[in-house]
Protein chains: 2
Amino acid sequence: MSGDIEVRELRYFVAVAEELHFGRAAERLGMAQPPLSRSIRELERRLGVTLLERTTRRVTLTAAGRAFLRDARVALEAVTAAEQRARHAGRPEPGLRLAMKADYDAGLLPRILDAYHREDAAVPVDLLMGGRGEQAPALRAGLADVALLPAPFDDRDLDHEPLVTEPRLAALAAADPLAARPSLVLADLVGRVLPDGAAAHLADPQPLRGLGTAPQPRRLPTVPTGVAGPPPAGSQQRYRDLAQIFTLVELGAIVWFPPESVARRHPRSGIAYREVRDLGPSTLCVAWPRQLRSAAVAAFVRAAAAVAAPALKPVSALIPVSDSA
Amino acid sequence: MSGDIEVRELRYFVAVAEELHFGRAAERLGMAQPPLSRSIRELERRLGVTLLERTTRRVTLTAAGRAFLRDARVALEAVTAAEQRARHAGRPEPGLRLAMKADYDAGLLPRILDAYHREDAAVPVDLLMGGRGEQAPALRAGLADVALLPAPFDDRDLDHEPLVTEPRLAALAAADPLAARPSLVLADLVGRVLPDGAAAHLADPQPLRGLGTAPQPRRLPTVPTGVAGPPPAGSQQRYRDLAQIFTLVELGAIVWFPPESVARRHPRSGIAYREVRDLGPSTLCVAWPRQLRSAAVAAFVRAAAAVAAPALKPVSALIPVSDSA
DNA sequence: GCCATTCATACCACCAGGGTATGAGTCGGG
DNA sequence: CCCGACTCATACCCTGGTGGTATGAATGGC
């Protein structure tokens with residue numbers, strides 16, 4: 001009789017714990033409800049612990065269930081990361097997979113790659129261009145080996161090194177009355193649609209790094225691909241490519257806060273970039289999975305740090321987790 | 001047909017990768033060799049990657065295999081930690097499990113516990129007294145929630161906060177000629193048997209924290225329990241309890257480097273404690289699993305930091321990994 | 001009090017995973 | 001150079017775990 005917890009059981013439990021409904025969880029898992037119920041019960045029996053409190057009307061997590069949900073997610077991430085990294089390492093010439101969002105490199109990418117290729121441990125670099133907030137998960141999932149990304153980001157299981165800090169600007173429609181002013185403060189923008197949780201800057205203070213922060217919801221809002229028309233105002237829609245953002249900014253539908261280097265790279269007649277005096281700066285970081293200490297990654301981090309060194313300003317607080325990350 | 005990697009397969013692969021021999025690995029796993037061979041082959045097929053190069057005479061790891069071994073160990077650790085933490089969280093009154101080595105608290109434990117119990121989030125504390133080097137693994141395995149331990153230690157997947165730094169002394173047999181001197185330097189001790197990799201202080205500089213450090217062997221030397229007679233000189237024997245160490249020090253069999261607070265707590269006529277002018281100090285840390293951010297742990301860390309605050313000296317370099325950790 | 005909803009139980013069927021027997025390739029010794 | 005030992009792979013069988021279907025039982029709303 002069964003000793004070990006299996007990955008399958010972890011997936012089952014996570015599904016039920018997320019749905020809090022055996023029927024829906026079973027549907028999501030592509031199976032029938034009775035074997036799912038049985039699996040969970042068997043899991044509980046082996047753990048010697050009740051994870052879920054069930055009545056026929058309601059399913060709730062126990063304290064142990066909440067703890068197990070958190071740890072099960074971590075474990076599942078570790079398993080899939082192992083799988084992905086092995087797949088990549090098995091390729092004939094496994095390059096270094098660098099995850100970043102296009103243009104979010106503070107103009108350093110060419111010099112970093114140059115410096116990197118002069119390192120002894122250098123291997124070819126595969127660029128993985130992703131949307132905002134996809135870099136850190138890609139590292140965790142084993143899909144990338146190293147990333148360039150702006151802080152703050154969710155740095156669970158990641159190590160990082162700040163590279164450069166630069167101001168962020170507000171991108172406004174040129175026709176916007178605010179564009180007439182040479183500089184703004186955040187309060188000027190109250191009521192505007194701000195992308196990507198930037199609204200939090202106006203509302204709450206940033207969550208502090210450290211212990212005791214409540215666990216954050218991890219689910220990303222789903223991104224409808226190939227949408228037509230602007231999203232409803234006030235939605236926390238996430239924009240994957242700059243063209244889309246530019247269009248919406250030009251239309252006055254949103255305000256956007258790009259780092260200075262990104263703005264400088266995209267002058268555009270319909271868009272005005274303005275200083276925001278009380279908007280915190282953006283810090284570009286290099287990040288990598290904590291337990292991954294390959295020579296190729298180390299060389300990349302060295303190269304990036306060396307290139308950035310002259311411009312380095314220490315970042316006062318790297319916020320590890322935020323709802324919008 | 002193939003969906004997911006399973007924990008069983010990870011265990012199988014780790015066994016084979018460690019033994020580099022299917023027969024022995026099968027024996028270790030308590031199964032026959034053919035199904036083990038088949039499982040590994042099936043795992044490779046699903047990964048699309050060759051993990052092991054086999055001839056009938058020799059089994060070797062491929063590059064992908066080495067990467068997968070590292071990640072598989074991490075994943076297995078995560079699974080067992082999830083299991084253990086759930087078991088503990090399911091107990092009727094789950095206390096905070098504090099791992100430490102007896103006496104290695106720099107005299108702070110009573111005050112830390114006092115301060116902790118005044119915290120709102122405080123729960124009863126279960127003390128887990130372990131030998132040297134067992135604290136960090138206990139945190140990783142989900143057997144403890146928080147630990148007090150001296151740096152350096154293997155801090156993979158752990159967060160830590162330094163508490164106090166204090167000098168270490170040399171414990172010598174009172175009859176030792178060196179005991180006549182008021183203070184020593186490490187060079188005086190060349191050729192002595194030093195426990196727990198302290199010899200590294202004499203030989204190589206400490207490995208630097210950071211990337212690119214080669215992966216370290218993780219296997220602890222096995223500790224024969226209930227040994228009789230002193231171990232052979234030069235062995236990297238690990239000593240579990242102080243009584244054993246004292247006996248060996250008194251006999252002049254070893255030299256030992258306890259933190260000052262430990263020495264002060266154990267005055268003993270047969271043993272002389274002497275300053276070692278070039279021996280680095282010891283820093284007591286509080287450590288906890290990185291992803292575990294419970295209120296009880298946060299409260300404990302706060303309490304420990306508050307108690308230690310007056311005495312806090314920053315530690316210059318926490319060495320994350322060492323052979324002796 | 002009835003009915004809809006939802007989790008648990010009962011029972012069945014299939015195949016994944018483990019066992020045994022044996023083949024095949026490789027290295028070493030005579 | 002051939003033989004034999006060693007070790008991994010293949011062939012085949014069989015058990016039990018895992019999933020499906022049918023149905024019961026309990027809960028909460030109307």
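Hydrogens, waters and symmetry mates play no part in the numbers below; they use all other heavy atoms, side chains included. Sequence lines set the chain letters: A, B, ... in the order given, protein chains first and strands last, and positions in each chain run from 1. All values derive from a computational prediction rather than experimental measurement.
Between B:Asp126 and B:Arg97, no side-chain nitrogen of the basic residue sits less than 4.0 Å from a carboxylate oxygen of the acidic one, so the salt-bridge criterion is not met. Here B:Arg24 does not pair with B:Glu18 in a salt bridge; the nearest charged N to carboxylate O distance is not below 4.0 Å.
Put simply, the side chain of A:Arg73 never gets that close to the backbone of A:Val14: no donor and acceptor are under 3.5 Å apart. Although no hydrogens or angles enter the test, the distance criterion places no donor-acceptor pair under 3.5 Å between the side chain of B:Tyr116 and the main chain of B:Val301.
B:His21 places its NE2 atom 16 Å from the P atom of D:dA5, with the value rounded to the nearest Å. Atom C1' of nucleotide D:dT18 and atom CG of A:Leu29 are separated by 14 Å, given to the nearest angstrom. The interatomic distance linking B:Phe22 (CZ) with D:dT10 (C1') rounds to 14 Å, in whole Å. D:dC8 atom P lies 16 Å from atom CG of B:Leu51, rounded to whole Å. Rounded to whole Å, atom C1' of C:dT5 lies 16 Å from atom CG of A:Leu20. Atom CD1 in A:Ile40 sits roughly 14 Å away from atom C1' in D:dT18 (whole-Å rounding). Computed from coordinates, the A:Arg24 CZ to C:dT5 P distance equals 13 Å when rounded to whole Å. Taking atom CZ of residue B:Arg45 and atom P of nucleotide C:dA16, one finds them 10 Å apart after rounding to whole Å.
Here ring pair (Phe, Tyr, Trp, His ring centres under 6.0 Å) pairs that include residues 64-98 of chain A, with residues two or more places apart or in two chains, are A:Phe13-A:Phe68.
For the pair B:Arg54 and D:dT7, the criterion of a side-chain N or O lying under 4.0 Å from OP1 or OP2 is not met.
Annotation: side-chain hydrogen bond (donor to acceptor under 3.5 Å, both in side chains) contacts of B:Ser37 (sequence neighbours excluded): B:Gln33. For the side chain to side chain contact (heavy atoms under 4.5 Å, CB included) test, residues two or more places apart in sequence or in another chain that qualify with A:Val59 are A:Leu20, A:Phe22, A:Leu52, A:Arg54.
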Atom pairs under 3.5 Å: protein N/O with N/O of nucleotides 17-19 of chain C:
from   : atom 1 : to      : atom 2 : distance (Å)
C:dG17 : OP1    : B:Arg8  : NH2    : 2.8
C:dG18 : OP1    : B:Tyr12 : OH     : 2.5
C:dG18 : N7     : B:Arg38 : NH2    : 2.3
C:dG19 : OP2    : B:Ala32 : N      : 2.9

In residues 136-143 of chain A, what donor-acceptor pairs under 3.5 Å come from side-chain atoms, sequence neighbours left out?
from     : atom 1 : to       : atom 2 : distance (Å)
A:Arg140 : NH1    : A:Asp154 : O      : 3.1
A:Arg140 : NH1    : A:Arg156 : O      : 2.8

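Taken to the nearest 0.5 Å, the CG atom of B:Leu292 stands 5.5 Å off from the CZ atom of B:Arg85.
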Treat primed atoms plus P, OP1 and OP2 as sugar-phosphate and everything else as base, then score nucleotides 25-30 of chain D 5' to 3': B for base contact with protein heavy atoms under 4.0 Å, S for sugar-phosphate contact only, - for none.
-> -BBS--
